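Predicted model only: the values in this text are computed from it and were never measured.
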Amino acid sequence: MAMSCKDGKQAAANLDNGKYVRYTPEQVEALERLYHDCPKPSSIRRQQFIRECSILSNIEPKQIKVWFQNRRCREKQRKEASRLQAVNRKLTAMNKLLMEENDRLQKQVSHLVYENGYFRQHTQNTTLPTKDTSCESVVTSGQHHLTPQHPPRDASPAGLLSIAEETLTEFLSKATGTAIEWVQMPGMKPGPDSIGIIAISHGCTGVAARACGLVGLEPTRVAEILKDRPSWFRDCRAVDVLNVLPTANGGTIELLYMQLYAPTTLAPARDFWLLRYTSGLEDGSLVICERSLKNTQNGPSMPPVQHFVRAEMLPSGYLIRPCEGGGSIIHIVDHLDLEPWSVPEVLRPLYESSTALAQKTTMAALRQLRQIAQEVSQSNVANWGRRPAALRALSQRLSRGFNEALNGFTDEGWSMMGNDGMDDVTILVNTSPEKLMGLNLSFNNGFPAVSNAVLCAKASMLLQNVPPAILLRFLREHRSEWADNSIDAYSAAAIKVGPCSLPGTRVGSFGGQVILPLAHTVEHEEFLEVIKLEGVGSSPEDPIMPRDMFLLQLCSGMDENAVGTCAELIFAPIDASFADDAPLLPSGFRIIPLDSPKVSYEFIYIDILFPTFFRAFLLTQFLMMQEASSPNRTLDLASALEIGPAGNKSSTDYSSNSGSTRSVMTIAFEFAFESHMQEHVASMARQYVRSIISSVQRVALALSPSNLGSHAGLRTPLGTPEAQTLARWICQSYRCYLGVDLLKTGSEGGESVLKTLWHNSDAIMCCSLKALPVFTFANQAGLDMLETTLVALQDITLEKIFDDHGRKTLCSEFPQIMQQGFACLQGGICLSSMGRPVSYERAVAWKVLNEEENAHCICFMFVNWSFV
């Protein structure tokens, strides 16, 4: 007892003298162990530490609390310092990359100035020489197609090494020099947070794209990923290594045969016979370069393959340089001649577009590297936004399965059925065991779907003046407008019963869909989600079908800001107990732009013959497109919603300023069935795909302003005065109940009020006065907070966005809102439509009155909101 008293007095004296305790190494070690187990202990937990650890018995609980506070502060500072060091390394590497790019551009300018002077000098002569190769510019020195055809090359090891070294030289001249005139890709701005520096070719044979970027992976890992092209290039069917030859400098020469899928039903697939050379440079960089093998003798060769067109790869590849502090600097060059002569003329822009090549191939490689680097760096972080390898493999399987169905290669068991006199829909059938393995699905009610064959119905169509991103979003958000639930679930049970049970086209017969997000890529250009179709088979004629169906769905290309992107919506039915290795029968849509849009959508009109939901959908898309299509112009919502003879702008005026934008849509749907039902299933599939084509054409007509000119006199302006009137009612009611103005605007005009309300940074949204209130309107901030659009907004109920505490608060305050007219709610947490938590500082709810002083709706404003 005396010793304990003495120790306590000594500890008190230490605290009184300097208010600082010097811990022994043993005490620090004990505290560190405790901190590792519990970094933020409560008061009771700290007292328990002292009782259980005798070495800490002479230290006051208050001092232990201070130690833990200091320890947490040091940990936070260490993490912040580490983050800043990583950012500094990234900025340093990016600065180095930009300086190198600047030097390369200066050299290119010098060469172009020289070329310009040379041609100017020769054009002054009255007689041009028939042929003058005395001044061949470096700009075209790497383009061997300008020189006469080489005699056959020796395909012996020595001959292949000669070709490999020549390929390396030409590739490096493209990657870091001026062998091709590169121009910055439209819409791609280089910077520390961008995907990289993207350039496309100008004035060279074939199409070429170039990219430079930073990734947090070591060079050897980068090389391993890039060489496995089928894992990241969705259009790559297979890469077969036919031979491997080591070289004296430690490199390898590989002879490859590569096949690419055809993106549409209107063109054949491509294949390549390649040489790939992997070697190291003196500065520690790794190089992987490739080119097509042509005119070789005394060696292996790949004869032409049925259903494929042999395309040519000019010297291309990857330069991977180690970066100080870890990571790599990547230079990518893709240079192809895709033989555009072999496709219909309308598709040739797709095969002659270096922008499409950059989006599909070059940028896909960088995105794959960035995605894997993020997964490695955040391996211990639980975040739905991450995309683990398992989910990435699912999206790969969906995309690959869709490509397989679309191409229908005979070596995979596909054979074509005869048509019914019309060639708009192609029917393929597959009965191979490999395709059917594991396709006996069972739904969540236990009813098995037996099948021993797979049928694919596919078609392609040309679309005019319809932005692919907008059309894709409509198909995704409004499935009931084009899909038949019984067929969309592949009608397995109904088809098994017999022909009389084959479902008709009951479009929109399911109760609704719920989108459940699974994952998305780093730059949000691709989403993987589960679609829950509610109320399927609820009608009396479908007693054996489950009430809910589930689809695994892949969405990409929903951002219209991205140049030349391909929009895809691919889905496959899954069981409620979905396993990673479950069989998939993908179906869906692919929309490929053939040229880029050239105009902004300033005025859009919609024919009154189309349903009302089209108007709301188009209003949403108009608001979303303005910034992308005309970034230097302030959004003039008033001009879009203006009515009256003076305000209307005819569609002919619009058309005069518009450039025709074309895209090709490809549709492919797969069905599992019993072989004896083949004719019935084929008839059903044709009818279904034709009904989808009809629906898409109807939607495309509504989304295309240029197609509305033929309905002169029947059009009505997009957005009636109701939108402006509602905005005025919202502001007037707010001023009436709270005594202050909602918006800081000097004009009382409906156009100005609606425009200011739309751009307000606080989330403002209205809900109906029904027993189950649903949202009817929201400004841009409200749509962003709920992660939805104006159309899908109407499917969200008020109670869905609040947590339990918020719902209780709302129930208690709702009578006050109806009686007093308003209520102020404390800050809290609500949920977006995607299930993400959103915090807000405070919320205000008020009753919106119409002209007759009657309650029209309830308006909510969430102040200073942010995603948690």
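For Trp182 against Lys174, the heavy-atom pair with the smallest separation is NE1-O, 3.2 Å. Counting all heavy atoms, side chain and backbone alike, Cys566 lies closest to Arg590 at SG-CG, 3.5 Å. Of all heavy-atom pairs spanning Ala459 and Asp424, the tightest one is CB-O, 3.1 Å. Considering every non-hydrogen atom in both Phe272 and Ser292, the closest pair reads CD2-OG, 4.3 Å. Across all non-hydrogen atoms, the minimal contact from Leu398 to Ile570 is O-CG2, 3.7 Å. Summarising the geometry of Ala364 relative to Trp232, their closest heavy-atom pair is C-CE3, 4.0 Å, with the distance given to 0.1 Å.
Note that CE of Met363 and OG1 of Thr355 are 10.0 Å apart. Values are rounded to the nearest 0.5 Å. The CD atom of Glu412 lies 8.0 Å from the CG atom of Asn407; values are rounded to the nearest 0.5 Å. The distance from the CG atom of Asp240 to the CG atom of Leu274 is 11.5 Å, given to the nearest 0.5 Å. To the nearest 0.5 Å, atom CD of residue Glu170 and atom OG of residue Ser316 are 10.0 Å apart. Of the inter-residue distances, the one linking Gln368 atom CD with Ile372 atom CD1 reads 4.0 Å to the nearest 0.5 angstrom. Taking OG1 from Thr361 and CD1 from Ile332, the interatomic distance works out to 10.0 Å, rounded to the nearest 0.5 Å.
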Given the rule in the side chain to side chain contact (heavy atoms under 4.5 Å, CB included) test, do Leu336 and Leu314 qualify, once you have shown the distances and angles that lead to the verdict? CA-CA 6 Å; Leu336 304 176; Leu314 287 78; over 6 Å; no

Derivation of the side chain to side chain contact (heavy atoms under 4.5 Å, CB included) call for Met258 and Asp271: CA-CA 6 Å; Met258 180 173 70; Asp271 66 349; over 6 Å; no

Step by step, would you call Thr176 with Leu319 a side chain to side chain contact (heavy atoms under 4.5 Å, CB included)? CA-CA 9 Å; Thr176 61; Leu319 171 61; 3.8 Å; yes

Give the intermediate values and the outcome of salt bridge (charged side-chain N to carboxylate O under 4.0 Å, His left out) for residues Arg221 and Glu218. CA-CA 5 Å; Arg221 177 61 174 147; Glu218 295 304 314; over 6 Å; no

Going through the distances and angles, do Leu286 and Thr220 end up as a side chain to side chain contact (heavy atoms under 4.5 Å, CB included)? CA-CA 8 Å; Leu286 276 176; Thr220 53; 4.3 Å; yes

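A donor-acceptor pair under 3.5 Å links the side-chain atoms of Thr247 to the main chain of Gly251, judged by distance alone. Looking only at distances, a side-chain donor or acceptor of Gln396 sits under 3.5 Å from a matching main-chain atom of Pro230. Remark: side-chain polar atoms of Thr362 are not paired, donor with acceptor, to backbone N or O of Arg210 under 3.5 angstrom. Panel note: side chain Ser328, backbone Val215; no donor-acceptor pair is recorded below 3.5 Å. With hydrogens and angles ignored, the 3.5 Å screen pairs a side-chain donor or acceptor of Ser231 with a backbone N or O of Asp228. Judged by distance alone, the side chain of Thr521 and the main-chain N or O of Glu526 form a donor-acceptor pair under 3.5 Å. In this structure, Ser395 contributes its side chain and Arg392 its backbone to a donor-acceptor pair below 3.5 Å. Between the side chain of Asp283 and the backbone N or O of Ser285 there is at least one donor-acceptor pair closer than 3.5 Å. At least one donor-acceptor pair under 3.5 Å links the side chain of Lys458 to the backbone N or O of Leu406. For Arg276 (side chain) and Thr252 (main-chain N/O), no donor-acceptor pair under 3.5 Å exists by modelled atom type.
The pair Asp334-Arg291 does not count as a salt bridge, with every side-chain nitrogen at least 4.0 angstrom from each carboxylate oxygen. Using a cut-off of 4.0 Å between Lys/Arg side-chain N and Asp/Glu carboxylate O, Arg234 and Glu568 are scored as not salt-bridged. Between Arg397 and Glu404 there is no salt bridge, since no side-chain N of the basic residue sits under 4.0 Å from a carboxylate O of the acidic one. Under 4.0 Å is where a charged nitrogen must lie from a carboxylate oxygen, and between Lys227 and Glu290 no such pair does. A salt bridge is absent between Glu339 and Arg270; no separation between the charged side-chain nitrogens and carboxylate oxygens falls under 4.0 Å.
Taking the six-membered ring for Trp and thresholds of 30 and 60 degrees, Phe308 and Phe409 have nearly parallel ring planes, at less than 30 degrees apart.
Here the side chains of Leu226 and Leu369 are in contact, with some heavy-atom distance below 4.5 Å. In this structure the side chain of Ser663 never reaches within 4.5 angstrom of the side chain of Gln464, judged on heavy atoms. Annotation: side chain of Phe233 is in contact with side chain of Leu260 (closest heavy-atom distance under 4.5 Å). Looking only at side-chain heavy atoms (C-beta outward), Leu160 and Leu245 come within less than 4.5 Å of each other. Between Leu242 and Leu256 the shortest side-chain heavy-atom distance does not fall below 4.5 Å. Residues Leu475 and Phe589 meet the side-chain proximity criterion, which asks for heavy atoms closer than 4.5 Å. Here the side chains of Leu255 and Trp273 are in contact, with some heavy-atom distance below 4.5 Å. Side chains of Val287 and Phe171 form a contact here, defined as non-hydrogen atoms less than 4.5 Å apart.
Remark: Arg321 engages Glu100, His331 in a side-chain hydrogen bond (donor to acceptor under 3.5 Å, both in side chains) (not counting sequence neighbours). A search for side-chain hydrogen bond (donor to acceptor under 3.5 Å, both in side chains) contacts involving Arg348 returns nothing, not counting sequence neighbours.
A donor-acceptor contact closer than 3.5 angstrom links the side chains of Thr265 and Ser460.
Across Glu165, Glu166, Glu254, a single residue satisfies side-chain hydrogen bond (donor to acceptor under 3.5 Å, both in side chains) together with Tyr277, and that is Glu165.
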